[in-house]
There are 2 protein chains.
Amino acid sequence: MPPGTLPLPLNTMTLTDLIGTLAAILTTVSFLPQALHTFRTKDVKGISLGMYSAFTVGVALWLVYGLLLNAWPVVIANCVTLALASAILVMKLRYR
Amino acid sequence: MPPGTLPLPLNTMTLTDLIGTLAAILTTVSFLPQALHTFRTKDVKGISLGMYSAFTVGVALWLVYGLLLNAWPVVIANCVTLALASAILVMKLRYR
């Protein structure tokens with residue numbers, strides 16, 4: 001192996017980790033613009049109650065899954081998503 | 001260990017797997033009622049373009065992550081979510 005280079009598996013791992021981290025950040029923070037949009041416009045007619053009911057329960061289960069496995073990235077990401085998704089669900093129920 | 005019982009770690013694993021599977025199913029299929037709701041009502045004013053842009057890119061990255069790790073449950077779940085989220089994104093862009 002030439003000096004200053006990394007073995008291929010390590011390079012591959014780092015790229016995979018980077019892609020996974022970016023994916024987790026994007027799918028987690030994406031609910032922030034929706035929560036802000038709904039808070040500002042109070043327009044919830046286009047938002048599906050079925051989606052936010054199923055999604056909020058699903059994210060709560062991901063949180064339990066992360067806690068059972070002591071997987072802290074899963075716990076932290078799903079705490080953020082749970083807060084945002086349940087805020088959207090509460091607004092859907094309150095503003096309709 | 002009494003006959004007919006499972007060792008505790010196996011019981012715990014099975015419950016954790018069940019919770020993770022339920023979580024994955026709920027957070028994946030939850031986008032179906034939203035896609036159907038938007039298709040029927042064509043009301044996209046309440047839907048955030050920022051959310052569906054970031055979310056669709058994030059899910060596409062989860063798909064790449066799953067492919068890089070040969071993690072087929074991640075690939076399958078994110079294929080379904082990518083199809084639904086990108087359909088909602090296209091409707092948001094078309095119906096506004």
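Scope of the values below: all heavy atoms of this structure, side chains included, with no hydrogens, waters or symmetry mates. In what follows, every chain begins at residue 1, and chains take the letters A, B, ... in the order their sequences are listed.
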Novice: Take the angle between the ring planes of Phe31(A) and Phe55(B) and call it parallel below 30°, perpendicular above 60°, tilted in between.
Specialist: perpendicular

Novice: If hydrophobic clusters are built by linking Ile, Leu, Val, Met, Phe, Trp and Tyr wherever their side-chain heavy atoms come under 4.5 Å apart, do Val64(A) and Leu15(B) end up in the same one?
Specialist: yes

Novice: Which of residues 70-85 of chain A get closer than 4.5 angstrom to chain B, counting heavy atoms alone?
Specialist: none

Novice: Drop me the distance from Ile88(A)'s CD1 to Met51(B)'s CE, to the nearest 0.5 angstrom.
Specialist: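 These two atoms lie 6.5 Å from each other.
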
Novice: Under the criterion side chain to side chain contact (heavy atoms under 4.5 Å, CB included), which of Thr27(A), Leu18(A), Ile19(A) is the partner of Leu61(B)?
Specialist: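 That would be Ile19(A); it is the only one of Thr27(A), Leu18(A), Ile19(A) passing the side chain to side chain contact (heavy atoms under 4.5 Å, CB included) with Leu61(B).
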
Novice: Side chain, backbone, both or neither: which part of Val44(A) has a heavy atom under 4.5 Å from chain B?
Specialist: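 Contact with chain B is absent: no heavy atom of Val44(A) under 4.5 Å.
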
Novice: Please determine, among Ser30(B), Gly66(B), Gly50(B), Pro33(B), the option with the most heavy-atom pairs under 4.5 Å with chain A.
Specialist: Ser30(B)

Novice: For Ala24(B), is it the side chain, the backbone, both or neither that has a heavy atom under 4.5 Å from a heavy atom of chain A?
Specialist: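 Its backbone and side chain both get close to chain A.
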
Novice: Hey, what do you get for CD1 (Ile47(A)) to NZ (Lys45(B)), rounding to the nearest 0.5 Å?
Specialist: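 One gets 12.0 Å once the value is rounded to the nearest 0.5 Å.
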
Novice: Given that the side chain runs from C-beta out, which part of Ala35(A) has a heavy atom under 4.5 Å from chain B: side chain, backbone, both or neither?
Specialist: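 Contact with chain B: none, neither part.
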
Novice: With respect to chain B, which residue among Ser53(A), Ser48(A), Ala54(A) yields the maximal number of heavy-atom pairs within a distance under 4.5 Å?
Specialist: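 Heavy-atom pairs under 4.5 Å are most numerous for Ser48(A).
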
Novice: Only pairs of heavy atoms separated by less than 4.5 Å count here; which of Tyr52(B), Tyr65(B), Trp62(B) has the most with chain A?
Specialist: Trp62(B)

Novice: Applying the 4.5 Å side-chain criterion to the ILVMFWY set and letting contacts propagate, would Ile25(A) and Val59(B) be lumped into a single cluster?
Specialist: no

